[in-house]
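Take a look at the structure below.
As a basis for the values below, the full set of heavy atoms in this structure was taken, side chains included, without hydrogen atoms, waters or symmetry mates.
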Amino acid sequence: MMTSRPIADYGLLSDCRSAALVSAAGSVDWLCLPRFDSPSVFGRLLGDEAGFWFIRPVAEFTSTRRYSGPTMVLETSFRTAEGSVTVTDALALGDGNREHDLGAGSPGALLRRVSCAQGTVELDVVFAPRPEYGLIRPFVRTGPDGILVRGGADVLFFSTSVPFTVDGDVAHARMALREGDVLGFALHHSHSWEDAPSFWTQEEISRRLADTVQGWTSWSKVHQNYTGPWQDLVALSGRVLQALTFHPTGAIVAAPTTSLPEVTGGQRNWDYRYTWVRDASMTLQALWVSACPDEAGKFFRFLATAGSGQLGEGEELQIMYGVGGERDLSERELPHLPGWRSSAPVRVGNAAWRQRQLDVYGELLDAAATLPEYLADMDPDTRRFLADVADAAASRWQSPDQGIWEVRDEPRHYLYSKLMCWVAVDRAIAIADLLDARDRVPHWQDARKRIASAIQAEGWSETANAYTQAFGSDELDASALMLSIVGFLPADDPRMLATIDAIERHLTDGRGLVYRYAGEDGLPGSEGTFLICTFWLAHALALAGSVQRARAVFECAAGFATGLGLLSEEVAADSSELLGNFPQAYSHIGLVNAAWAISRAEDKDRQSGKSGVSGARG
């Protein structure tokens, strides 16, 4: 059963509008077209009946994989006793898309090309499309130029130069490739009401694949200038963030998948194919380091526009949006799918969009302060909205909420939420002139002082000897590491150092990976360690001057990257298996920001005469 294949076994493809996951055995088991959040065409990742497309040798084989240079074009090499072939997979970019235009004209086409490098290899190709998460068993018909698939609102055009036999809704071909042979396939998606695309010839498939390689290479050449520790991992993480970007709006999805669980067989299975405001400021910092300020500015403009107008008459700022700016992300279950390793339910949509999370005010204002040059070009209504966000933080910070981890339980006075309300007014004061809000500064200064006093008095636990999860609580929470990262406390403040020590001692597993928290959260079951939290620990240690310890923590977390350099959300508590939606933007964001913090700390040590490694953004 393919639903048992390890999550780490998959490679990511992207056209900066949608995504596919391809296994090491050559099977496309996840593909949503034409957007990240569209219903899947192939969904075997969550259930065998949801469709797949595999290309693999008939004989026993071994396989190795890599990305083709600085791209998201995947090469899988298969070796049998008789020979070897390489399958090159990509989601096609728009013809001629380069640099900042990556994804502008993506046609919604999956390309697969097989080339035989040695000997003779017999291949099986099985094409089993299942639109709408496997709810549709489509009509599959062969023609002179390929296969036409119709079902529901979807029409698929499968370009091929070899004959297939069709059994019901599954197409199959077997062929032998000899040294030097090259064979290409293309799968186009369109809607039933749109003009039909043309089937692509073998020459066009090869040309568009080469053009896609050139497109990604051009993007990397002008974007990726970081030099420092873990340069390759930082560069790959930057490309992953670009791959998870919906080009038309600049929105970045948290992950391209839904319902990959936080624990095998559990119920903590969420749809992450949306954009979280929570990620904003950390994402912008990561983009600045590993990609380009232009992408950061586009993402910020998306968030500011999506949230505009939401604070009238006491309305809350929404915590997440669809990639087009949609606000209604209502959650439903797909009971016909068993889920990865029987981890049910499979969910589409995310009910957390209705939650109150006060931290979003700080994340949005911190993002604005990170990119002040973009504020001057924004319209007066947007600048007024951002000032209203700071006002909302100043007036609502004393209210309970669901917190950063979207706890589906009773609201509490979470420390992180208070901290980010402090960030909101602090950053608003810094950019008040750009917001045309100088008259609001005294109010924000008063709020900043009151929030800080409350955090110092009620967020600290003498029992835990640390800042804790919520006011009056003794429970630890990894988000307290952000106290120094956002600049609320000096990194070497005694209470900050005590908090770091408490989290290292009591909120890590035997490997040094960090849990989010240890208390009850209103949901059944447990979860694994969180990679973003482990990178936060490395980041906080670097700021505090514990550079060698920061390096060790960083390398512990980064060591769980797959052979392709991809990270999930979590690591299983009882094994090294990756869990959660994949690949996870938040984990890659944490990696980039922690690497940058360590790089700066080592540079500081070097300049002061201590041993260290220099690192800086070019």
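Ionic pairing of E49 and R137 is not present here: no N-O contact between side-chain nitrogen and carboxylate oxygen is shorter than 4.0 angstrom. Ion pair R130/D169 flagged as a salt bridge, since at least one NZ, NE, NH1 or NH2 atom sits closer than 4.0 Å to an Asp/Glu carboxylate oxygen. Salt bridge present: E326 and R35 bring a charged side-chain N and a carboxylate O closer than 4.0 Å. Using a 4.0 Å cut-off between charged nitrogen and carboxylate oxygen, R17 and D15 do not count as a salt-bridge pair. Salt-bridge annotation for R44 and D48: absent, with no side-chain N of the basic residue lying under 4.0 Å from a carboxylate O of the acidic one.
The shortest non-hydrogen separation linking V166 to A171 is CG2-CB, 4.2 Å. Of all heavy-atom pairs spanning G580 and S568, the tightest one is O-CB, 4.3 Å. Between V277 and E363 the shortest heavy-atom distance is O-CB, 3.5 Å. Shortest non-hydrogen contact noted between H588 and P583 is NE2-CB, 4.2 Å.
Checked against the 6.0 Å centroid criterion, the rings of Y274 and F36 do not qualify as a close aromatic pair. Side-chain rings of F158 and W53 approach one another, their centers coming within less than 6.0 Å. Taking the six-membered ring wherever Trp is involved, the centroid distance between the rings of W219 and H100 does not fall below 6.0 Å.
Atom CG of D167 sits in a sparse spot, with 12 or fewer heavy atoms from other residues, nucleotides or ligands closer than 6.0 Å.
Donor-acceptor pairing under 3.5 Å is recorded for the side chains of D154 and H189. In summary, the side chains of T258 and R347 do not present any donor paired with an acceptor at a separation below 3.5 Å, with no hydrogens or angles considered. Side-chain contact, N269 with S343: no donor N or O sits under 3.5 Å from an acceptor N or O.
Between I252 and Q242, every side-chain heavy-atom pair lies at or beyond the 4.5 Å cut-off. Two residues are said to be in side-chain contact when any heavy atoms from C-beta on lie closer than 4.5 Å; T275 and T249 fail this criterion. Looking only at side-chain heavy atoms (C-beta outward), T212 and L91 stay at 4.5 Å or farther from each other. Using a 4.5 Å heavy-atom cutoff, the side chains of P261 and V263 are not in contact. In this structure, L578 and E570 have side chains that are not in contact, with every pair of non-hydrogen atoms separated by 4.5 Å or more. Considering only heavy atoms from C-beta on, P256 comes within 4.5 Å of L12 through its side chain. Looking at heavy atoms from C-beta onward, V28 lies out of side-chain contact with F54 at the 4.5 angstrom threshold. W276 is not listed as a side-chain neighbour of Y321, based on a closest heavy-atom distance of 4.5 Å or more.
The main-chain N or O of L566 is found under 3.5 Å from a side-chain atom of T562 such that the two form a donor-acceptor pair. At distances below 3.5 Å, at least one donor-acceptor pair connects side-chain atoms of Q202 with backbone N or O atoms of G184. A donor-acceptor contact shorter than 3.5 Å is absent between the side chain of K221 and the backbone of E99. Formation of a donor-acceptor pair under 3.5 Å by the N97 side chain with backbone atoms of G105 is found in this model. For R208 (side chain) and G94 (main-chain N/O), no donor-acceptor pair under 3.5 Å exists by modelled atom type.
Under the rule for a ring pair (Phe, Tyr, Trp, His ring centres under 6.0 Å), the partners of F199 that lie at least two apart in sequence or sit in another chain are F157.
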Evaluate D211 against R98 for side-chain contact (heavy atoms from CB on, under 4.5 Å), listing each step before the verdict. CA-CA 9 Å; D211 182 76; R98 298 291 184 268; 2.9 Å; yes
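Across T88, T86, T62, a single residue satisfies side chain to side chain donor-acceptor pair (under 3.5 Å) together with S77, and that is T86.
In this structure, F127 and F42 have perpendicular ring planes: the angle between them is above 60°, well past the 30° mark.
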